[in-house]
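This report refers to the structure that appears directly beneath it.
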Amino acid sequence: MKKILVTGGAGYIGSHTVVDLVLNGFQVHICDNFNNSSPKAVHAVEKILGVNIPLTKLDLKDKSAVGNMFEHGDFDGVIHFAGLKAVGESTSKPLAYYENNLLSTLNLLDACKKYNVQNFVFSSSATVYSDPAVVAYDEETTKTGKASSPYGTSKLEQEWILEDCVNGAEFPAGLRVVSLRYFNPIGAHSSSMIGEDPRGIPNNLAPFITQVMVGRREFLSVFGGDYATEDGTCIRDYIHVTDLARGHRLALEYIEKQPENSMEYINLGSGKGSSVLEVLHAFEATYGKSIPYKIVSRRPGDLPEFYAKTEKAQRLLNFKTEYSLDDMARDSWNWQKSNPNGFE
Ligand code: WQD
């Protein structure tokens, strides 16, 4: 049975991926610093699965703690989710983002090198794409070297570091990397026991909508109604977090069959764009009532429209999304309804 270290395994995507991995025969070890997640998410995962998940609370910036965990870990692979991830915050705190995200990855790679861990799945993001002239992004779109925020740039830079390590000669067993670039994950596990639980005012659309539905916020501000799209609101590619979690497992299964040194960039999205109002209407359908909203001014940095080209994920991973936008809205809502205050 393969043993996988999942960094950030208590987070939104991490926790769902742990469920998928264990259900498919992987052994999992979680590490998390709980800066933006709750140990209760790990307890909920254990309840869903009926097994205990080994957990190390640590900060990946602490190199000796990372080394210690690897020394006793006997890991066959790593899925690296942990990191700071708020686009807006990264603009005001670029140094914190570069320091946290880059140092964490460097320390993990150093431990992989020392302890001969060859398989590495990296949690990247569609935010590495920033060219407004392109709509459906394929994996070759980004060679320009800059994303639209320090957060996005930190993801690009981590990809470069990984690629350089794959091409270098420091890893005695070689290094095989898949960098998964996700589009907009929403939804929650069908048990409603885990889901997205942002701290403070949500930056992202779905948790904001469900907090309005549950009465924690008065109305949704729709950022811009005058884009050159059919209904004037921005178009994004939403993907159910359960589909996304499965994509990580498929990436691990794929990576094991690759040559000693290899790197692939793979989009995980549905390939279909939905506008903000379409998303809102999907939530209204599951709610059975209308959801108050106001169209306000555009959010700086938002692109009018983007979605994934999905051929590569299909070809290499045999990955195709299974859940619809209605499924995503239903599951996000069920999670929030059962946990109005998240894990608190
Ligand atoms: C979606 C749409 C907003 C909130 C970000 C990151 C991306 C990825 C996912 C991590 C946009 C609109 C939102 C609100 C709104 N994360 N919106 N009112 O910006 O597409 O992507 O999260 O890697 O990298 O950039 O997602 O959920 O913030 O916004 O109208 O209160 O909803 O303008 O069109 P985004 P989002």
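Since we're looking at a predicted model, the values are computed, not measured. Hydrogens, waters and symmetry mates play no part in the numbers below; they use all other heavy atoms, side chains included. Counting from 1, the numbers follow the sequence of the chain as shown. Order of listing sets the numbers, starting from 1, for every ligand and every atom in it.
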Judged by atom type as modelled, is there a donor-acceptor pair below 3.5 Å linking the side chain of Tyr151 to the main-chain atoms of Pro94? no
Can you tell me how the ring of Phe75 sits relative to the ring of Phe70, calling it parallel under 30°, perpendicular over 60° and tilted otherwise? perpendicular
Relative to ligand 1, is Ser221 under 4.0 angstrom through side chain, backbone, both or neither, heavy atoms considered? backbone
At under 4.0 Å between heavy atoms, what of Val276 touches ligand 1? The answer is side chain
So, His72 versus Tyr115, ring centres under 6.0 angstrom or not? no
Tell me whether the centres of the aromatic rings in Tyr265 and Trp160 are closer together than 6.0 Å. no
To atom 10 (C) of ligand 1, the nearest of Phe208, Tyr151, Tyr182 on a heavy-atom basis is Tyr151
At under 4.0 Å between heavy atoms, is it the side chain or the backbone of Asn203 that contacts ligand 1, or both, or neither? backbone
Among protein heavy atoms, which sits nearest to atom 2 (C) of ligand 1, and what does the distance come to when rounded to 0.1 Å? Tyr238 OH, 3.5 Å
Ligand 1 atoms in contact with Val87 (distance to a heavy atom under 4.0 Å): 6 (C), 25 (O)
Polar proximity ligand 1 side, Lys85 side, N/O cut 3.5 Å exclusive: no
Count I, L, V, M, F, W, Y as connected when their side-chain heavy atoms are under 4.5 Å apart, and connections chain through other members. Are Leu84 and Phe81 then in the same cluster? no
Please tell me whether Trp333 and Tyr287 form a close aromatic pair, meaning their ring centres lie under 6.0 Å apart. yes
Would you say Leu220 has any N or O atom under 3.5 Å from an N or O of ligand 1, going by distance alone? no
Short N/O distance, under 3.5 Å, between Phe223 and ligand 1? yes
